[in-house]
Amino acid sequence: MLQLSYIRDNANEIIERLKVRNFDGQEVIDYIVSLDKERRETQTKLDTEQGEMNKISKKIGELFKSGKRDEAEEYKAKTGELKEAVKKHHTKLNEIDEKLQGLLYQVPNVPNKIVPAGKSDADNEIIEEVGQKPTFDFEPKPHWDLAKEFELIDFELGNKITGAGFPLYTGKGARLQRALKEFFLNEAIEAGYVEVMPPLLVNEDTGKGTGQLPDKEGQMYHTELDHLFLIPTAEVPITNIYRDVIIKEDQFPIKHCGYTPCFRREAGSYGKDVRGLNRLHQFDKVEIVQVTHPEKSYEALDEMVSYVRSIIEKLELPYRVARLCGGDLGFTSALTYDMEVYSAAQDKWLEVSSISNFETFQANRLKARFKDKNGKMQLAHTLNGSALAFPRILAAILENNQTKDGINIPKALVPFTGFDKI
RNA sequence: GGAGAGGUGGCAGAGUGGUAAUGCAGCGGAUUGCUAAUCCGUAGUCGCCUAACAGCGGCUCCCGAGUUCGAGUCUCGGUCUCUCCGCCA
């Protein structure tokens with residue numbers, strides 16, 4: 001959520017920059033600005049009236065104390081009209097606030113100046129491509145065939161137990177998942193991220209804090225009875241650690257990592273994209289999160305990108321880095337880099353990480369603040385990224401490393417799998 | 001699931017209708033051979049007024065409604081936490 005004061009002072013610039021994400025903000029921003037003006041006028045009136053009330057009440061109190069009951073009664077009689085006015089303006093203020101809140105929730109984050117214009121992922125700016133695509137002297141098989149052949153994943157069983165998009169990993173497949181978890185967490189801790197193991201169900205306040213709620217509840221599984229949500233990413237519980245927290249400036253940068261399963265309804269997905277491990281309702285991921293001083297957040301973003309590069313390189317996977325265009329940029333993000341690994345048999349780039357700077361957009365909802373050197377409260381900046389999502393990494397490892405008689409495990413994982421070949 | 005207790009400023013903790021004690025910590029200042037000690041100030045938020053600082057005012061004692069000239073205090077609803085019992089990994 002953008003700050004009201006920021007909108008008030010920069011309305012035109014905001015409208016202009018939102019165009020990059022194909023968001024026409026003219027109407028809603030104009031409405032916000034005019035409502036804000038009305039709100040302030042109303043509050044000024046209300047404040048004056050309430051101040052008047054307070055004075056009279058105080059006076060009556062004094063009169064009662066000194067036994068001047070008659071005089072007190074006179075003052076009492078005077079309050080009726082004032083009370084009505086207070087009530088009226090109070091109601092009006094509440095109404096305006098509610099409306100304003102609803103409108104503010106509709107405005108996405110302002111894209112960073114370097115975000116390219118564009119409609120879809122096809123317009124993302126590929127910044128760099130690293131590594132060699134593998135070559136084969138036979139027809140490489142897609143991972144879903146390999147998974148079946150080597151009994152790594154049983155999609156049918158997952159289907160039976162739960163439904164589509166909930167695979168059951170078996171044998172070496174399961175062991176590989178565990179190895180990825182171990183490897184990713186160890187690397188992150190090595191890089192200075194403090195591990196947390198958060199709850200997998202979150203309440204409504206938490207969902208609002210990071211921007212999943214309101215409006216995007218359709219993407220999350222919801223437990224009806226207890227009104228809790230299954231997390232779509234560890235970003236949600238981890239970033240919410242800092243909801244309503246006043247951070248000490250010397251704590252910056254705060255760095256966390258965490259492994260969690262993630263649950264996504266993926267309403268509306270269909271077709272080829274959902275084949276095999278490409279798009280699941282439940283998957284595992286290690287997430288990295290940073291909370292930083294506003295002046296340091298882009299530095300942190302770069303650091304996170306190079307960290308994620310380093311682990312992909314250790315897994316010996318060809319990858320590329322994309323700067324998301326306005327049309328593909330998430331609602332809450334100001335700048336996002338996607339990391340995509342090449343998966344040979346599908347001949348596709350698979351998104352395995354999305355690294356974003358939200359600037360103050362989340363912090364504003366979260367009220368994640370710190371006192372700066374001048375003693376002023378300021379919003380912190382929040383960032384996060386996948387490091388990494390397991391299924392597509394697994395898909396790429398299987399497809400890229402297949403040979404005629406098996407699949408080679410990247411060296412970095414061998415200490416955790418206990419085998420170097422499938 | 002049953003019963004009870006309780007949510008007060010960063011923390012601790014008073015306050016049963018008259019406008020939020022006190023202690024600790026942090027920060028700023030004063031004093032000061034140094035250190036220690038001492039003293040003073042210091043919550044957040046919204047608004048008015050400012051070039052800015054300052055100043056003034058409103059709101060905030062979990063949330064919402066109500067009673068009252070006046071609510072942390074009384075009434076109703078909601079919510080969260082804790083304790084005991086039951087169930088259970």
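Convention: sequence-line order gives letters A, B, ...; per-chain numbering from 1. We use all heavy atoms of the structure for the numbers below, so side chains are in, but hydrogens, waters and symmetry mates are not.
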Ion pair present between [X] and [Y], side-chain N to carboxylate O less than 4.0 angstrom?
X         : Y         : result
Glu73(A)  : Lys76(A)  : yes
Lys45(A)  : Glu49(A)  : no
Glu204(A) : Lys208(A) : yes
Lys99(A)  : Glu38(A)  : no
Lys88(A)  : Glu84(A)  : no

Inset, instruction - Not counting sequence neighbours, which residues clear side-chain hydrogen bond (donor to acceptor under 3.5 Å, both in side chains) with Gln378(A)? List them please. - result: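 Scan of Gln378(A) (side-chain hydrogen bond (donor to acceptor under 3.5 Å, both in side chains), adjacent residues dropped) gives Asp372(A).
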Inset, instruction - Indicate, with yes or no, if the rings of Phe229(A) and His222(A) have centres closer together than 6.0 Å. - result: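 Ring centroids of Phe229(A) and His222(A) are less than 6.0 Å from each other.
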Legend entry - Tyr298(A) ring center near His381(A) ring center (under 6.0 Å):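 Here the rings of His381(A) and Tyr298(A) have centres that are no less than 6.0 Å from each other.
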Legend entry - Summary of side-chain hydrogen bond (donor to acceptor under 3.5 Å, both in side chains) pairs that have at least one residue in residues 19-31 of chain A, sequence neighbours excluded: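 Output for this query lists Glu16(A)-Lys19(A), Gln26(A)-Asp30(A).
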Going by purine N1 to pyrimidine N3 plus the second Watson-Crick contact, or the G-U wobble pair, all under 3.5 Å, which nucleotide sits opposite [N]?
N      : answer
G9(B)  : none
G64(B) : C76(B)
A36(B) : none
G47(B) : C56(B)
G1(B)  : C85(B)

Pairwise [atom1] distance for [N] and [M], with rounding to whole Å:
N      : M      : atom1 : result
A71(B) : C61(B) : C1'   : 11 Å
U8(B)  : U22(B) : C1'   : 14 Å
U75(B) : G18(B) : P     : 16 Å
A30(B) : A51(B) : C1'   : 31 Å
G26(B) : U79(B) : C1'   : 32 Å
C74(B) : G29(B) : C1'   : 44 Å
G15(B) : G23(B) : C1'   : 15 Å
U67(B) : G10(B) : P     : 32 Å

Short side-chain to backbone donor-acceptor contact, [X] and [Y], under 3.5 Å:
X         : Y         : result
Thr417(A) : Phe419(A) : yes
His281(A) : Arg264(A) : yes
Asn109(A) : Thr332(A) : yes

Residue pair [X] / [Y], side-chain donor-acceptor N/O under 3.5 Å:
X         : Y         : result
Gln346(A) : Glu399(A) : yes
Asn94(A)  : Thr91(A)  : no
Asn240(A) : Arg243(A) : yes

Legend entry - Of residues 196-203 of chain A, the positions that come close to RNA chain B - non-hydrogen atoms, cut-off under 4.0 Å: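 Nothing qualifies; none.
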Legend entry - Near-strand residues of residues 72-91 of chain A, defined as heavy-atom separation under 4.0 angstrom from RNA chain B: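 Heavy-atom contacts with RNA chain B come from Lys76(A), Thr79(A), Lys83(A), Lys87(A).
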Between the protein and nucleotides 87-89 of chain B, which nitrogen or oxygen pairs are less than 3.5 angstrom apart?
none

Legend entry - Heavy-atom protein contacts under 4.0 Å, nucleotides 41-64 of chain B, coded B base, S sugar-phosphate only, - none: ---SSBSS--------BSS-----
Rounded to the Å, how far apart are [X] [atom1] and [N] [atom2]?
X         : N      : atom1 : atom2 : result
Glu62(A)  : G18(B) : CD    : C1'   : 10 Å
Lys248(A) : C11(B) : NZ    : P     : 10 Å
Ile60(A)  : U19(B) : CD1   : P     : 14 Å
Glu49(A)  : C69(B) : CD    : P     : 18 Å

